[in-house]
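Presented below is the structure to which this report refers.
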Amino acid sequence: MCPLCPQWFKIKNMDYTPRDIEQKWQKHWEENDTYKVSNQSDKPKYYVLDMFPYPSGAGLHVGHPLGYIASDIFARYKRQQGFNVLHPMGYDAFGLPAEEYALQTGIHPAVSTNDNIKRYNEQLRSLGFSFDWSRQVRTCDPKYYKWTQWIFAELFHHYYDYAANKALPITDLIQSFEKEGNTNIKAATTQEETFDAAAWSVMSKSEKEEVLMRYRLAYREVGYVNWCEALGTVLANDQVKDGISERGGHPVVQKAMPQWNLRTTAYAERLLSGLETIDWSSALKTIQRNWIGRSEGAQMFFDVADSDAKIEIYTTRPDTIFGATYMVLAPEHDLVEKLTTEGQRAAIDKYLEYVKSRSERDRMADKQVTGEFTGAYAINPFTNTKIPIWIAEYVLISYGTGAIMAVPSDDERDKTFAEKFGLEIIDVVDKTDYPGATLSDKLGKMINSDFINGMEVPEAISEINKRVEQMGIGTAKVNYKLRDAGFSRQRYWGEPFPIVYDKDGFAEMLPLEELPLELPDTEDFKPGKGGKSPLSRLENWVNSKPSYTRETDTMPAVAGSSWYFLRYMDPHNDEAFASQEAVNYWQDVDLYVGGSEHAVAHLMYARFWHKFLYDKGLVPTQEPFKKLINQGMIQGVIEFIYMKKEKTNGQAHFLCAGLVKRDDLFNEVAKIPIHIDYVQDYGSEKSYLNIKSIKQFIAWRPEYENAIFECSKGIYQNGIFTPNKDATETNLVTHSEVGKMSKSKYNVVNPDLVIDQYGTDCFRMYEMFLGPIETSKPWDVQGISGVSKFLRNFWNLFYQNENFTITDAEPTKDELKILHTCLKKVTEDIERFSFNTCVSAFMVATNELKKLKCNKRAILKPLTIALAPFAPHISEELWSKMEGEGSVVMAQFPQFDESYLVEDSVIYPICINGKKRMEASFSATASKDDIEKIALELDGLEKWIGGKTVRKVIVVPKRMVNIVVA
RNA sequence: GCCCGAGUGGCGGAAUUGGUAGACGCGCUGGAUUCAAAAUCCAGUUCUCGCAAGGGAGUGCGGGUUCGAUUCCCGCCUCGGGUACCA
């Protein structure tokens, strides 16, 4: 402020300079370990967790902090309520992007990851979060992944016992085998053959190891995997979308490779039932339920005519077996080769050739009805008739048993197939009693079905199941869509498996004393051809343990993120992943905030690992995350300019969106994304390019140096603007779309710039004010001035004529009412995670107190405490000026008092037939009868009743009066 | 296709158990201040008819329950997310 300026005296209030205040307090908090939390406390615990970020090279954009702000508000609120709050942050630092970046630039993933983390740390610090940074974890730190490796090894050393319904040591299983073989073992396994103790005792070491591998929770198996040649790695199902890799969009094929897997299917039932016990959104639970995909049905064997082969099928509709007129095997099914007759061999080979040529993508794109007859027949065990065996691509080898009994009358796909190939259709369910019911509803009455005729479907199902078991041809069975998790990656930047193979090729887990097995350093991280990991080229490392060779694959990124929340509880422990005291104190995560993109993979793996650790008695709860909130995405507007597909005189020709629309040229133009920094009125409907923008665009994209830019105002080319009339400026309207904020869309808005201009507190509150935390919305900086104004107004409540002035005068009834209305609203809304309405409540209170010129400590002190979770810096500054000592961070959150909210009188709307016509004030203590009596005698009421009869008067206390007339 | 979720002013959104629809903010309009602008302050702002007083309509569309519906029920439409030949 300059005293020489004539206006200086007009600025009545002390300037609020957010950046100075914020930097001062951030430094103060850091120096004083304000947010450091101890594992020893008399206070009740509360654990608030964010999904830790992958430190990408692009840095944070305005979308990332949304969830962090929400969780920070809640953590601060809980802290002020007297909880010992664990609120940590760390980095999910292994993964493909760092490695891809390394391949492009030659910069080691460890180096770029470290740089990125540094940048993230700075950005997160500037947002004023109350993280206990001393507990920071990084999944790529050997001290951390020592325990990732250890848990993996423990999975290897355990199997899942269905009788005990938990994981048990594999040594227990070996004992059982020695005593009585596997006949009485009920376990999660792919072991089909039974054996007794004698058979076990004569097995070779290799046979025994093979059997055990079929029981272990971490096991190695040759299986079909999603192989992506371009990325040189195996991908999980959820990393493949429509047959191409989610990352990079490369083709993915099925390839047989030995892979390490986790037997997640063993926990299918518990992963499903556990959902009932946790407070997650129904949408998210549904996603997980669908992913687990439980279905009840029967597994059955069909005999094959003139053969000793048996075909095992799975069906959810055993009741329809009398309508099973043919069978279908998946083309990859083992029996195809054996069953195909000589006459059909050529046709079948041709069909198999065709199936091979069809990528997964083709199959998705056009679902053709195709198939071929094997020439063989099966016997329907209930009708004893011969039914033809076909192969068809609509039956998948990976689901159920890879074979079905086809019932064309009651299955949509079987029906189209039967119609196309002229196969018999027998109606077996009469659905006339259930009009509108779909096939999946399983409703109707059995017909043409011998001894179950007349039964309703559910009864028929249990009857057939009973009969199937009596006949010894199958059992009722629950099936899950959930697959075991492929856990091997042929990449460099991940956790090495703690595995060595002896000279006979048997896998052994390294003991804890030999962990961590550190990722060896190399400059050569290119993926090898044909699925060899880069580690396989480091021969010294591979052979560094005498008479052993090391596993050269690495773990996927989900490994480290499956248990990181436990490490925060005791992050520097070298003796255990966390001490039992720490785990027993912190228990589980009370509130988990993160994006819904992790709905399946991360949240499923983490629950699986947690349940395993629970079975081992290492964690006290079955579920890791009690309450989960999915924050929405902050989207960005992507700006495009239209370019004609055909060049004009050999030059690129850009067109105004207005012209494209006017002349309907949408088929003749392509959309070229343009950096949002060059667009005028960015984000608005009328966003456009002026001459300056075009020059910036050309500087960015020199290949368009001589391009033509045409809009209704004229044409710009080679630095010259040729107007149509007398225009001096272009107005080339861009095409705007809302989408993900991404570096590749050139629409990333960096929070640093916003913070520089408005301050962290303002940024935090504005992101909350934008709307409900769970909805996605485009970033729009327009409204931020309202929040900025609010913070200044709040600040100015404490200032009079440049002086900090606060009085100890008794507050009035009105002032107390404003305060407690606000406290009530804020308290209740924080509890239900409605942060946008909290901001609004603060605005209302501030506006009203401003009108009353209230600067009383009794009002402003509690209000400052309540504001602190949202805007911690301004609150701390005002607190220090007001109180002189302590920190607002630990100040007791003020309790609202309903008694201040009680009114002497209440204004009731008077409705006639439900429509508000008048208002009237009644004493708060007036009885219903009194109100009714007075209401009917109100002046002016007659106009609305208009001579009609009053039929009824409804009085809802403190709400409204409704007079019904007719 | 199936399974979730959502549709409210010019815009973001509020209305927590069926009880005054549009809080709060942006934007816009008018006014004050200013040589002028920015900033600030005051007033107005769902649409529509009307100079006004006042009236009518109104929460995606159509129906229903109710004294009363943004809220509950039935049938559609649109958008977003998930999933996909799951036997």
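Hydrogens, waters and symmetry mates play no part in the numbers below; they use all other heavy atoms, side chains included.
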Would you tabulate the pairs of protein nitrogen or oxygen atoms and nucleotide nitrogen or oxygen atoms of nucleotides 67-70 of chain B closer than 3.5 angstrom?
unit_1: B/rC67; atom_1: O2'; unit_2: A/N962; atom_2: ND2; d: 3.3
unit_1: B/rC67; atom_1: O2; unit_2: A/N962; atom_2: ND2; d: 2.5

Write out a two-atom table: protein N or O, nucleotide N or O from nucleotides 41-45 of chain B, distance below 3.5 Å.
unit_1: B/rC41; atom_1: OP1; unit_2: A/K850; atom_2: NZ; d: 3.0

All N/O pairs under 3.5 Å across the protein-nucleotides 53-59 of chain B interface:
unit_1: B/rG55; atom_1: OP1; unit_2: A/K943; atom_2: NZ; d: 3.4
unit_1: B/rG56; atom_1: OP2; unit_2: A/R917; atom_2: NH1; d: 3.4

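Listed nucleotides: B/rG19, B/rC4, B/rU16. Nearest to the side chain of A/D829: B/rU16. Checking B/rA87, B/rU16, B/rC3 against every side-chain atom of A/V395, the shortest atom distance belongs to B/rA87. In this structure, of B/rC4, B/rG13, B/rC24, it is B/rC4 that holds the atom nearest to the side chain of A/A283.
Not counting sequence neighbours, the partners of A/D279 by the salt bridge (Lys or Arg N to Asp or Glu O under 4.0 Å) test are A/K627.
Listed by first and then second residue, the salt bridge (charged side-chain N to carboxylate O under 4.0 Å, His left out) pairs that reach into residues 829-850 of chain A are A/K825-A/D829, A/D829-A/R832, sequence neighbours excluded.
For B/rA87, the OP1/OP2 oxygens have a side-chain nitrogen or oxygen of A/Y399 closer than 4.0 Å. For the OP1/OP2 pair of B/rC86 and a distance below 4.0 Å, the side-chain nitrogens and oxygens of A/R483 include no atom meeting the criterion.
At a non-hydrogen distance threshold of 4.0 Å, A/R832, A/N836, A/T837, A/S840, A/M843, A/V844, A/N847 from residues 830-849 of chain A come into contact with RNA chain B.
B/rC61 and B/rG75 make up a base pair, with Watson-Crick or G-U wobble contacts both under 3.5 Å.
Note on A/E412: nothing from the nucleic acid sits closer than 4.0 angstrom, heavy atoms only.
Salt bridge absent: A/E296 and A/K477 never bring a charged side-chain N and a carboxylate O closer than 4.0 Å.
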